[in-house]
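Inspection log for the structure reproduced underneath, given as structure tokens.
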Amino acid sequence: MKTAIVTSVKDGMATVRYGARGEASNPMPILENPANASLNPGDRVVVAPLNEKKDGIVLGRYWNQNNPPGE
């Protein structure tokens, strides 16, 4: 699993950036889940890479002490 920041969302596909100045992904599918319907650029997400590549499936937002869920 990798963490990333969403850079764009269009038609159920998201492009993400890994790290502050990291590599950008190609558009990849977002796991269907009601919580993922509102993903926006800037959201921190978890990505399941396929075949050890930078692209895969966006699983959804993640939360921790430094990145609490929004109100």
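Sequential numbering from 1 along the given sequence is applied to the chain's residues.
The shortest distance between side-chain heavy atoms of K10 and P27 does not fall below 4.5 Å. Side-chain atoms of Y62 and V45, non-hydrogen and from C-beta on, never get closer than 4.5 Å to each other. Residues M28 and V58 meet the side-chain proximity criterion, which asks for heavy atoms closer than 4.5 Å. The closest side-chain heavy-atom distance from N40 to V6 is not below 4.5 Å. Contact of the L39 side chain with the R61 side chain is registered, since non-hydrogen atoms from C-beta on lie closer than 4.5 Å. In this structure, the side chains of L31 and N36 come closer than 4.5 Å at one or more pairs of heavy atoms.
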Verdict with reasoning, V47 to Y18, per side-chain contact (heavy atoms from CB on, under 4.5 Å): CA-CA 10 Å; V47 175; Y18 299 101; 3.6 Å; yes
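Looking at every heavy atom in both residues, D43 comes nearest to S38 through OD2-O, 3.9 Å. The minimum heavy-atom distance between G56 and L50, with the atom names listed, is CA-CG, 3.7 Å.
A donor-acceptor pair under 3.5 Å is absent between the side-chain atoms of D55 and the main chain of S25, judged by distance alone. Formation of a donor-acceptor pair under 3.5 Å by the T7 side chain with backbone atoms of T15 is found in this model. One N or O on the side chain of N33 and one on the backbone of A35 form a donor-acceptor pair closer than 3.5 Å.
Under a hydrophobic-cluster definition in which Ile, Leu, Val, Met, Phe, Trp and Tyr are linked whenever side-chain heavy atoms come within less than 4.5 Å, directly or via other members, I57 and V46 are assigned to the same cluster.
For E23, the side chain to side chain donor-acceptor pair (under 3.5 Å) partners two or more places apart in sequence, or in a different chain, are K54.
Counted by atom type alone, S8 and R17 present zero donor-acceptor pairs between their side chains at under 3.5 Å.
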